[in-house]
Student: 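Here it is: the structure, laid out below.
Residue numbers start from 1 in every chain, and the chains themselves are labelled A, B, ... in the order their sequence lines are given, proteins ahead of strands. Since we're looking at a predicted model, the values are computed, not measured.
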4 protein chains.
Amino acid sequence: MIPINKKELTSIQILEAALRLFKNYGIEKTSLAMIAKEVGITKPSIYYHFSSKEELIEHSFNHILRNYKFSDFFHVNELNKENFGEKLYQFGLDFLPTTEDDNYELIKVLNEFTLLSNRNNNFKQRLVSVQFEFINGFRNILLKGIDEGVIKVSNVDNYAQLLALVIDNIARSIMIGFNIDYKEVWKETVNSLLKEEEKI
Amino acid sequence: MIPINKKELTSIQILEAALRLFKNYGIEKTSLAMIAKEVGITKPSIYYHFSSKEELIEHSFNHILRNYKFSDFFHVNELNKENFGEKLYQFGLDFLPTTEDDNYELIKVLNEFTLLSNRNNNFKQRLVSVQFEFINGFRNILLKGIDEGVIKVSNVDNYAQLLALVIDNIARSIMIGFNIDYKEVWKETVNSLLKEEEKI
Amino acid sequence: MIPINKKELTSIQILEAALRLFKNYGIEKTSLAMIAKEVGITKPSIYYHFSSKEELIEHSFNHILRNYKFSDFFHVNELNKENFGEKLYQFGLDFLPTTEDDNYELIKVLNEFTLLSNRNNNFKQRLVSVQFEFINGFRNILLKGIDEGVIKVSNVDNYAQLLALVIDNIARSIMIGFNIDYKEVWKETVNSLLKEEEKI
Amino acid sequence: MIPINKKELTSIQILEAALRLFKNYGIEKTSLAMIAKEVGITKPSIYYHFSSKEELIEHSFNHILRNYKFSDFFHVNELNKENFGEKLYQFGLDFLPTTEDDNYELIKVLNEFTLLSNRNNNFKQRLVSVQFEFINGFRNILLKGIDEGVIKVSNVDNYAQLLALVIDNIARSIMIGFNIDYKEVWKETVNSLLKEEEKI
DNA sequence: TATGAATGAGCCTTCATTCAT
DNA sequence: GATGAATGAAGGCTCATTCAT
């Protein structure tokens, strides 16, 4: 257990209250007053922990990115010749958010930050690097699949990008409420790179 | 030429100023004062044309949706056995925004509305129906491809959704600045549904 | 029948719409926009008839004062030795507003003007002269009563003032919703000036 | 001495500035900007003390009602057989406002609230209960007078209402500037309930 | 470590009013 | 006789931020 002092504790409470509110009301519509109330402290107290709203937003952003790692969902080393399609499909389902789970909350607030990134290069770069991590992760998975001889993709890079795009956009679509049969779409996507006899 | 009176003219100027500012600063951060200044009128004048900021936002939304039709980009009836893959690929490229073109502006502001839709069911429904229009459009294209015997998809519905997702997310990725080789990704996607001998 | 032209007609419509709204929303909270809407014309049209909101208020005030005459309710010449107490009592009841009658509307809006008169000497003077008309009216009634030998007041002036006060305040109390038994109070007041054997 | 902290101090300053302005300009025409200027603070500071203009108005109302108690002016227990008429007359004079005294200010602003009560049931009820307190107070005074055998009223309840009406309306008339000889009217009223030999 | 008290800038909105047509 | 289009001034209110304590 990492020992934690009072200051750090309050900081984290502020961060998490902020994220909770960002998710529900949007970042711009969440005021420091709302955050303070949620935590149970006063507005100026926030300034003891974060020098401005902007800094708080940035820390919140870091806070969630820490819990948004490709390798937490897609475990390359668990894949093998026998389970490749099945497992990849399953990893995707685990990643895709359900209305109640934590990942749902996480992606919902990530969505808010994505918008903000339009006007903030700092955020944009961080999101780009997350995206790169996903593309790279899928690239490794594809290479494994090729090694195992179960997939048939012509261009690994393009396919890695395609997978990243699809999984990301399915998540977004669920978020926004598009009523697509996302499990089937993901299965179709996985299948599209498997050899005929490996399809799931 | 459609004759247009002064009120309509100013209304459109307001609408377009609003959209320009929404695109650059976000909807919530764009104030009526900014819009008024951009048009060159005073703040209360806006109220002569729109009864509230909310109504103005809604009209802006309608204004852009009018120019965001699947059939403006993807012309099913131009497709045939000979050009199917090539044309579909080309339609996609035309749809995908380039930093300078009008479609870029349009998608960028549409992105702002997407965020807003998280907290506004009216907008959400409209965006869902746009999404549905795209899925349905791709469905018709796929059926044509099947008719012509050039594609090999197992499940038309899933593939239509997949295409809609991919094209939408490529657009978004360009917007956000993800540095992917989107032409190649789109080509890969189109190819993934063509029969071997038809690939482009 | 007095012939009336279109301008006068609209003027009166504006006046009456204004009074209706003043009664319900108060003078200050009634805007020209509301009045225009009530009449079915546009806001600037009001300026064709009245040079400012203030002038409109003033005309409205005159308009109601024209219908608020002591002699319309208290008919001195109908009083005689036999019916004096009874009739005076009855006149009061006729004057006192009931929730549904026209007098109620009239007094309610008069109430609004009374407040305004705190800050407008023009109005104040007019209300004072109405009050004087009432006091003077009651004075004449009392003199008649003395002539007929049915009342016993020591000082006519004081009693006239007292009657004016009581009848005015009963009206106000009804307006405001004070739950007093106003008929009995008025009867008591009338009785207090009658000789013992004349009491009603 | 009651110790008072800074918040309470400013709150009271705001309250009293508000009442001063309400009295002179009316409640609706008094803006928060005016109040802030009068106190010497900024507009948003008011919101630290009162959550809205409405709440400020309500607190102002409570503030004045606290100083408007029947028993502060009419001391029943000081009345006895010998001084009854004289004292009751005197209490009334003390209650009736003179242009310069505090009671004048108080009743003037109370008048503004009366108007507001037309459209606010909360205020209406409070004013009604004040009125009831006065009627009840006079009732007790009358009962005392009967006990002492100095008055001759037939119906105590009606007379109590009459007294409340008269004293209230004299106050209002002074306020509005009606030029009546209010001392005489009040004396007449008091006399009208005394037995012949007790008259003042 | 946090709060009490306050502030400047800015928000959306409403108002009475104007004036060319 | 009335309207269309616009405006300056002002309304109540919220915001991120400050700073002495």
Student: Below 30° counts as parallel, above 60° as perpendicular, anything between as tilted: where do the rings of D:Phe61 and D:Phe123 land?
Tutor: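 If you compare the ring of D:Phe61 with that of D:Phe123, the planes turn out tilted.
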
Student: If the cut-off is 4.0 Å, is A:Ser52 near the phosphate of F:dA16, judged by side-chain N/O to OP1 or OP2?
Tutor: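 For F:dA16, OP1/OP2 do not have a side-chain N/O of A:Ser52 under 4.0 Å.
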
Student: Identify the two heavy atoms, one from C:Thr30 and one from C:Leu21, that lie closest to each other, and give their separation to 0.1 Å.
Tutor: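 For C:Thr30 versus C:Leu21, the nearest heavy atoms are OG1-O, 3.4 Å.
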
Student: Please report, rounded to the nearest Å, how far the P atom of F:dG4 is from the CD1 atom of C:Ile41.
Tutor: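 These atoms are roughly 12 Å apart.
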
Student: Choose from E:dA2, E:dT7, E:dC12 the nucleotide whose nearest atom is closest to any side-chain atom of B:Lys53.
Tutor: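 Looking only at side-chain atoms, B:Lys53 lies closest to E:dC12.
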
Student: With a 3.5 Å limit on both atom pairs, tell me what F:dA20 is paired to, counting Watson-Crick and G-U wobble, or say none.
Tutor: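 Looking at the geometry, F:dA20 pairs with E:dT3.
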
Student: F:dG1 phosphate, OP1 or OP2: any side-chain N/O from C:Thr10 under 4.0 angstrom?
Tutor: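 Negative; the distance criterion is not met.
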
Student: Is it true that B:Glu112 and B:Lys29 have a side-chain N and a carboxylate O under 4.0 angstrom from each other?
Tutor: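 Salt bridge: no.
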
Student: Using purine N1 to pyrimidine N3 plus N6-O4 or O6-N4 for Watson-Crick, or N1-O2 and O6-N3 for G-U wobble, both under 3.5 Å, which nucleotide pairs with E:dG8?
Tutor: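 Partner of E:dG8: F:dC15.
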
Student: Counting N and O atoms only, with roles assigned by atom type, does the side chain of C:His59 sit under 3.5 Å from a partner on the main chain of C:Glu55, one being a donor and the other an acceptor?
Tutor: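 Side chain of C:His59 to backbone of C:Glu55, a donor-acceptor pair under 3.5 Å: yes, one is there.
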
Student: Rounded to whole Å, how long is the line connecting atom CD1 of B:Ile46 with atom C1' of F:dG8?
Tutor: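 Spelled out: CD1 on B:Ile46 to C1' on F:dG8 is 15 Å.
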
Student: NE2 of C:His49 versus C1' of E:dT17: gap in Å, rounded?
Tutor: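 It works out to 16 Å between those atoms.
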
Student: Taking for each residue the nucleotide of DNA chain E bearing the nearest heavy atom, is the 5' side occupied by B:Lys29 or by C:Ser51?
Tutor: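 Looking at DNA chain E, the more 5' nearest nucleotide goes with B:Lys29.
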
Student: Would you kindly give the OH-to-P distance between B:Tyr47 and E:dT13, to the nearest whole Å?
Tutor: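 From B:Tyr47 OH to E:dT13 P: 3 Å.
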
Student: Using OP1 and OP2 only, check whether a side-chain N or O of A:Thr42 sits under 4.0 Å from E:dG4.
Tutor: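 It does not, given that no N or O in the side chain of A:Thr42 lies less than 4.0 Å from OP1 or OP2 of E:dG4.
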
Student: Expressed in angstrom and rounded to an integer, what is the separation of A:Ile35 atom CD1 from F:dT14 atom P?
Tutor: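 One finds 17 Å between P of F:dT14 and CD1 of A:Ile35, rounded.
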
Student: Hey, does the side chain of D:Tyr48 come within less than 4.0 Å of E:dA5's phosphate (OP1/OP2), counting only N and O?
Tutor: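 Yes, within the criterion.
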
Student: Give a yes/no on whether any side-chain N or O of D:Ser31 is located under 4.0 angstrom from OP1 or OP2 of F:dA10.
Tutor: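 Looking at the OP1 and OP2 atoms of F:dA10, neither is under 4.0 Å from any side-chain N or O of D:Ser31.
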
Student: Base, sugar-phosphate, or nothing: which does A:Thr30 touch, judged by heavy atoms less than 4.0 Å apart?
Tutor: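 The residue A:Thr30 makes sugar-phosphate contact but no base contact.
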
Student: Does any part of the side chain of B:Ser31, heavy atoms only, come nearer than 4.5 Å to the side chain of B:Tyr25, both counted from C-beta?
Tutor: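 Of all side-chain heavy-atom pairs linking B:Ser31 with B:Tyr25, none is under 4.5 Å.
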
Student: Would you mind reading off the distance between D:Phe50 atom CZ and F:dC13 atom P, rounded to a whole angstrom?
Tutor: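 Going from CZ in D:Phe50 over to P in F:dC13 covers 13 Å.
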
Student: Taking 4.0 Å as the cut-off, does a side-chain nitrogen or oxygen of B:Ser45 come that near to OP1 or OP2 on F:dA5?
Tutor: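 So the side-chain polar atoms of B:Ser45 never come under 4.0 Å of the phosphate oxygens OP1 or OP2 of F:dA5.
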
Student: Rounded to whole angstrom units, what separation is found between the CG atom of C:Leu32 and the P atom of E:dT14?
Tutor: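 Going from CG in C:Leu32 over to P in E:dT14 covers 15 Å.
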
Student: Measure NZ/B:Lys43 against P/E:dC11 and give the value in whole Å, please.
Tutor: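 To the nearest whole Å, that distance equals 7 Å.
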
